[in-house]
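Below you'll find the structure, written out as structure tokens, and then a few comments.
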Amino acid sequence: MSEPLQNLVQAARNNDESAWDQLFRNYQLRLFSYANALTGNRETAFDIVQDSFARAVAHIGGLRDNAKFGSWLFGIAHRCCMQHFRRTKRETALLGGERDQQAPESDGPDPRDALLSAERAQALYALVDQLPLAQRSALLLHVLGDFSLEEIAGISAVPVGTVKSRLFHAKRALRKLIEEENP
């Protein structure tokens, strides 16, 4: 993390609202992209980003190293996503029936689509959505979040070897799904 960002984190620790505002602007898109890709629902992703920052503000004292703010914040977002899935699973069990899998809404261009045509990106994300949650999460953190294996391990609260395994299996499964789509 750059020194200016570390200074922002320190200012945020001292309850500087403008520092929090700047941190939010620096991380909101990456957090949203991760949560949206993981949940497949824009509204849920917005809620997760908001909840993640609210928790970060409340628990900034628990951050040991200002340089690790990004991975710490993504760890909070990851836990918010997992809570969402647990809550959804409980609600589904109580109500009986299948969980409503909503497709991501598209009321505007997604910045990630600049790398691929909108059609190819949508097809790729549909394939990523087929991966098991743990593999999908590791892959998205690695690709979208640009986190190292060690950082992903910290965010996911699993050993580095588990992250390596999840990434390996996610890439292999994704490759197989792509081959099946394009024989």
Side-chain angles (χ1 to χ4, degrees), residues 1 5 20-59 68-92 98-149 151-158 163 166-167 169-175 177-178 181:
M1 174 183 263
L5 278 177
W20 276 113
D21 185 52
Q22 185 63 41
L23 287 170
F24 179 75
R25 280 183 278 172
N26 285 341
Y27 286 96
Q28 70 179 348
L29 182 59
R30 289 193 315 161
L31 282 176
F32 172 78
S33 295
Y34 172 67
N36 187 44
L38 200 59
T39 65
N41 184 294
R42 291 175 61 87
E43 293 303 317
T44 300
F46 282 126
D47 291 343
I48 287 170
V49 170
Q50 195 170 30
D51 192 29
S52 297
F53 269 94
R55 291 177 186 203
V57 170
H59 300 287
K68 304 229 184 236
F69 179 80
S71 59
W72 177 75
L73 182 61
F74 266 83
I76 293 171
H78 178 78
R79 287 187 293 282
C80 288
C81 287
M82 296 306 110
Q83 288 172 346
H84 164 75
F85 287 119
R86 282 192 294 273
R87 185 173 48 252
T88 303
K89 189 175 179 180
R90 275 195 308 268
E91 289 170 0
T92 301
E98 290 290 316
R99 179 178 152 214
D100 183 24
Q101 291 278 351
Q102 296 180 2
E105 300 168 19
S106 59
D107 58 356
D110 191 335
R112 297 171 296 179
D113 293 343
L115 300 175
L116 300 169
S117 70
E119 185 176 302
R120 288 181 59 209
Q122 186 177 13
L124 180 62
Y125 286 116
L127 294 175
V128 170
D129 282 345
Q130 294 178 37
L131 297 175
L133 182 60
Q135 291 176 12
R136 185 174 45 187
S137 175
L139 185 66
L140 292 170
L141 285 169
H142 189 63
V143 174
L144 292 178
D146 198 28
F147 287 108
S148 69
L149 298 177
E151 290 172 319
I152 296 170
I155 290 168
S156 303
V158 297
V163 172
R166 288 177 179 175
L167 282 173
H169 291 293
K171 290 175 184 178
R172 188 174 69 183
L174 190 56
R175 193 174 305 115
L177 289 169
I178 290 170
E181 289 285 319

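Excluded from the calculations below are hydrogen atoms, water molecules and symmetry mates; all remaining heavy atoms, backbone and side chain alike, are included.
- The line from CG of Leu167 to CG of Leu174 is 11.5 Å long, rounded to the nearest 0.5 Å.
- Rounded to the nearest 0.5 angstrom, Leu23 CG and Leu73 CG are separated by 8.5 Å.
- Ser71 and Ile155 make their closest contact through O-CG1, 3.2 Å (heavy atoms, listed as atom of the first residue, atom of the second, distance).
- For residues 25-34, the pairs satisfying salt bridge (Lys or Arg N to Asp or Glu O under 4.0 Å) are Asp21-Arg25, with sequence neighbours left out.
- With sequence neighbours left out, Ala35 forms a side chain to side chain contact (heavy atoms under 4.5 Å, CB included) with Ala45, Ile48, Cys81.
- The shortest side-chain heavy-atom distance between Asn41 and Asn36 does not fall under the 4.5 Å cut-off.
- Applying the side-chain hydrogen bond (donor to acceptor under 3.5 Å, both in side chains) rule to Arg55 yields the partners Asp51, Gln83; only residues at least two apart in sequence or on another chain are considered.
- Here Arg79 pairs with nothing under the salt bridge (Lys or Arg N to Asp or Glu O under 4.0 Å) rule; sequence neighbours left out.
- Expressed to the nearest 0.5 Å, how far OG of Ser33 lies from CG of Leu38 amounts to 12.0 Å.
- Looking at residues two or more places apart in sequence or on another chain, you find no side-chain hydrogen bond (donor to acceptor under 3.5 Å, both in side chains) involving Gln135.
- In this structure Phe74 satisfies the ring pair (Phe, Tyr, Trp, His ring centres under 6.0 Å) test together with Tyr34, Phe147, sequence neighbours excluded.
- Taking every heavy atom of both residues into account, Val49 and Phe24 meet most closely at CG1-CE1, 4.0 Å.
- Taking Val158 as the reference, Ser156, Thr162, Val163, Arg166 meet the side chain to side chain contact (heavy atoms under 4.5 Å, CB included) condition, with sequence neighbours excluded.
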Set out, in order, the CA-CA distance, both residues' side-chain angles and the distance that settles side-chain hydrogen bond (donor to acceptor under 3.5 Å, both in side chains) for His84 and Thr39, then state yes or no. CA-CA 9 Å; His84 164 75; Thr39 65; 5.6 Å; no
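- To the nearest 0.5 angstrom, Asp146 atom CG is 8.5 Å from Glu151 atom CD.
- A 4.5 Å side-chain heavy-atom check between Phe53 and Leu31 finds at least one atom pair inside the cut-off.
- Here SG of Cys80 is found 8.5 Å from CZ of Arg87. Values are rounded to the nearest 0.5 Å.
- Looking at heavy atoms from C-beta onward, Glu181 lies out of side-chain contact with Leu177 at the 4.5 angstrom threshold.
- Rounding to the nearest 0.5 angstrom, the gap separating the CG atom in Leu149 from the CG atom in Leu141 is 11.0 Å.
- The backbone N or O of Asp47 lies less than 3.5 Å from no partner atom in the side chain of Gln50, so there is not a single donor-acceptor pair.
- Trp72 meets the ring pair (Phe, Tyr, Trp, His ring centres under 6.0 Å) test with Phe69; sequence neighbours excluded.
- Sorted by first and then second residue, the salt bridge (Lys or Arg N to Asp or Glu O under 4.0 Å) pairs involving residues 135-145 (not counting sequence neighbours) are Asp129-Arg136.
- Contacts of His59 classified as side-chain hydrogen bond (donor to acceptor under 3.5 Å, both in side chains), with partners at least two apart in sequence or in another chain: none.
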